[in-house]
Q: 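For reference, the structure I am asking about is given below.
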Amino acid sequence: MSTFTRRHFLGSMGALSAASAVPGVLAAIPSASGAMAEEITGIEKEAAGFANPLRLPGSSGLYGVLPASEFREVHVVRSAIEVLPGRRTPILAYAVESGGKKFLNPALLARRGDEMRVRLINDIDQPTVIHWHGLSVDSRNDGNGLNVVPPGGRMDYAFALRDRASMYWYHPHAHGYIPQQAYHGLASLLFVEDDEEAALRKELDLALGDSEIPLVLQDREFDAQGHLRYAPTAAQSFGGWVGDRLLVNLTERPFIQAGRRIVRFRILNGCNARTYRLAFVQGGRRLEFFLAGTDGGLLAQPLRIDQTFISPGQRLDVLVDLREADPGQPVTLASLAFDPMHAEGGHDMGQASPASPAMAGMDHSQHGSAPAAASSAPMAMEGDARALMRIDLKLPSAPYERRLPTVLSSLPAATTSANSARRMQLGHNGQGNWTINGGLFDPKVAALSVRRGARETWLIENAERSMPHPMHLHGFSFRVIERLGSPALVRGLAGARGLLPQDQGVVDTVHVWPGESVRIAIDFAHPHAGDQDYVFHCHSLEHAEAGMMLRYTVKA
Ligand code: C2O
Ligand code: CU
Ligand code: CU
């Protein structure tokens with residue numbers, strides 16, 4: 001249905017510059033209830049055909065749930081799983097054996113204060129390293145790629161889990177291999193619990209894999225054999241690789257059954273480059289739900305919303321009260337239509353020239369000519385209205401009368417320092433590379449240093465003619481203080497100081513839209529002695545690979 005995209009729109013806009021076209025584009029996205037209802041009806045029609053049971057974390061196997069204290073070794077291996085029904089897809093995976101059981105990409109469980117002790121053994125033919133996304137650990141244990149594990153090599157991690165309870169994740173971080181390895185399967189979850197988190201689970205009677213469901217959103221492209229295809233052209237590297245199939249927990253076109261009760265979804269955007277505009281829909285309209293937490297744990301209070309963006313690297317903790325839904329029809333988790341703002345067309349990318357083929361049209365639809373594996377699913381461009389998962393409602397096995405608590409955590413309000421902001425300017429060099437403050441990543445050089453214990457304000461400024469960049473900081477989580485210059489679509493969802501619901505929480509990744517300036521507050525306090533080096537980068541993995549990353553030092 002709604003295949004409205006900026007690409008089509010620019011086609012009809014002729015020579016108007018993108019800058020002046022933006023407000024028009026956004027206004028034209030279906031917002032009137034009629035158009036929105038039509039968009040949602042199309043999404044629900046699509047979801048009606050979903051017939052694959054969602055892969056859920058079990059007690060072993062892919063995404064098996066494993067207490068972090070119950071294993072000491074993780075192997076990086078080549079393996080194969082069935083993603084598309086009836087086909088074997090070769091993947092890369094984290095393999096663990098524990099208690100006589102085998103796990104692939106285990107979902108790890110730990111408690112705040114626990115020690116993580118694990119040896120990584122690299123059984124593949126490429127360098128790799130595990131990065132614990134969102135955790136505040138010392139430079140070596142961060143696995144930020146400044147040191148990597150060669151083929152056949154090993155590395156011992158040992159660190160304390162000091163961070164707030166949340167759903168973190170782990171993935172590879174060897175520069176030069178990050179996008180390929182993550183795309184081919186290396187990624188999974190790490191749940192950290194504390195007292196507040198345990199209280200919420202008790203209060204709402206939540207059980208992981210049943211009423212509390214992790215959702216790993218990924219997009220992939222398959223060839224005719226069902227093998228993953230990853231072969232970005234220069235243009236696709238510049239735009240970010242977007243697969244045409246939408247997977248949830250490595251399940252295509254999935255459904256689940258859920259009781260009419262409060263259900264918790266813990267959502268990771270594990271795509272290389274795709275952003276989603278998430279909503280729960282039913283009967284042609286959006287359902288309201290609660291944002292309970294973000295990258296770095298629970299919000300102070302649940303926020304009632306009816307949609308939110310999630311960009312690569314980010315997590316959302318969401319509570320849906322399915323008692324509010326019509327019991328007579330399914331609910332669908334959807335990505336609503338939006339303008340992905342990829343500034344296609346070259347004319348608006350500044351110094352476009354024959355030397356910068358990447359700028360001559362970043363059209364994700366121009367993927368290879370390899371025949372796609374048989375599927376009834378149409379290709380999914382970024383920003384297309386699409387169903388992600390159907391939720392069939394069933395009666396709860398026991399009466400459920402729990403209420404959402406009004407307070408979720410003791411998260412303090414964000415404070416900002418009086419010091420002037422450090423500016424982080426996002427742009428590109430006209431040669432197909434994205435830049436931070438005009439520079440490209442050099443792993444050997446710390447582009448900036450901060451003092452341990454300093455409280456800094458950073459102003460991340462994205463160019464007007466740019467793409468959205470999900471900017472991720474290693475070593476420290478942070479708070480979002482203010483958004484300025486947001487595009488209309490974003491402004492429409494924002495409250496005071498231009499902030500989005502997600503900005504109320506602790507985050508490690510912030511999505512910065514074209515033309516936006518986002519002010520963030522970072523407290524560089526940590527217990528690690530000596531200088532520590534980390535990175536700050538775009539979590540569109542192809543962007544990071546092409547230079548949009550910088551190394552920084554925390555001076556002891
Ligand atoms: Cu999730 Cu530097 O990464
Ligand atoms: Cu990270
Ligand atoms: Cu980027």
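Start at 1 and go down the list; that is how both ligands and their atoms are numbered. Keep in mind that this is a model prediction, so the values were computed, not measured. Position 1 is the first residue of the sequence, and the numbers go up from there.
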Q: Please check if atom CZ in R117 has more than 12 non-hydrogen atoms from other residues, nucleotides or ligands closer than 6.0 Å.
A: no
Q: Are any of the side-chain heavy atoms of Y177 and V148 separated by less than 4.5 Å?
A: no
Q: Are any of the side-chain heavy atoms of Y168 and R315 separated by less than 4.5 Å?
A: yes
Q: Mind checking whether H175 and F441 have ring centres under 6.0 Å apart?
A: yes
Q: Can we say R264 and E212 salt-bridge, meaning some charged N sits less than 4.0 Å from an Asp/Glu carboxylate O?
A: yes
Q: So that I can check it, does any N, O or S atom in H173 come closer than 2.8 Å to the Cu ion (ligand 2)?
A: no
Q: Taking atom types as modelled, find out whether H173 and H537 have a side-chain donor-acceptor pair closer than 3.5 angstrom.
A: yes
Q: Quick one: closest heavy-atom pair of P254 and L54, and the distance?
A: CB-CD1, 3.9 Å
Q: Anything protein N/O/S under 2.8 Å from atom 2 (Cu) of ligand 1? Just list residue and atom, please.
A: H173 NE2, H474 NE2, H537 NE2
Q: Side chains of Q502 and H511: any donor to acceptor distance under 3.5 Å?
A: no
Q: Assert yes or no for the condition that the ring centre distance of W169 to H472 is strictly below 6.0 Å.
A: no
Q: What are the protein N/O/S atoms, named by residue and atom, that sit under 2.8 Å from the Cu ion (ligand 3)?
A: H469 ND1, C538 SG, H543 ND1
Q: With respect to the Cu ion (ligand 2), what is the nearest N, O or S atom of H131?
A: NE2
Q: Between the side chains of R479 and D523, is the shortest nitrogen-to-carboxylate-oxygen separation below 4.0 Å, so that they form an ion pair?
A: no
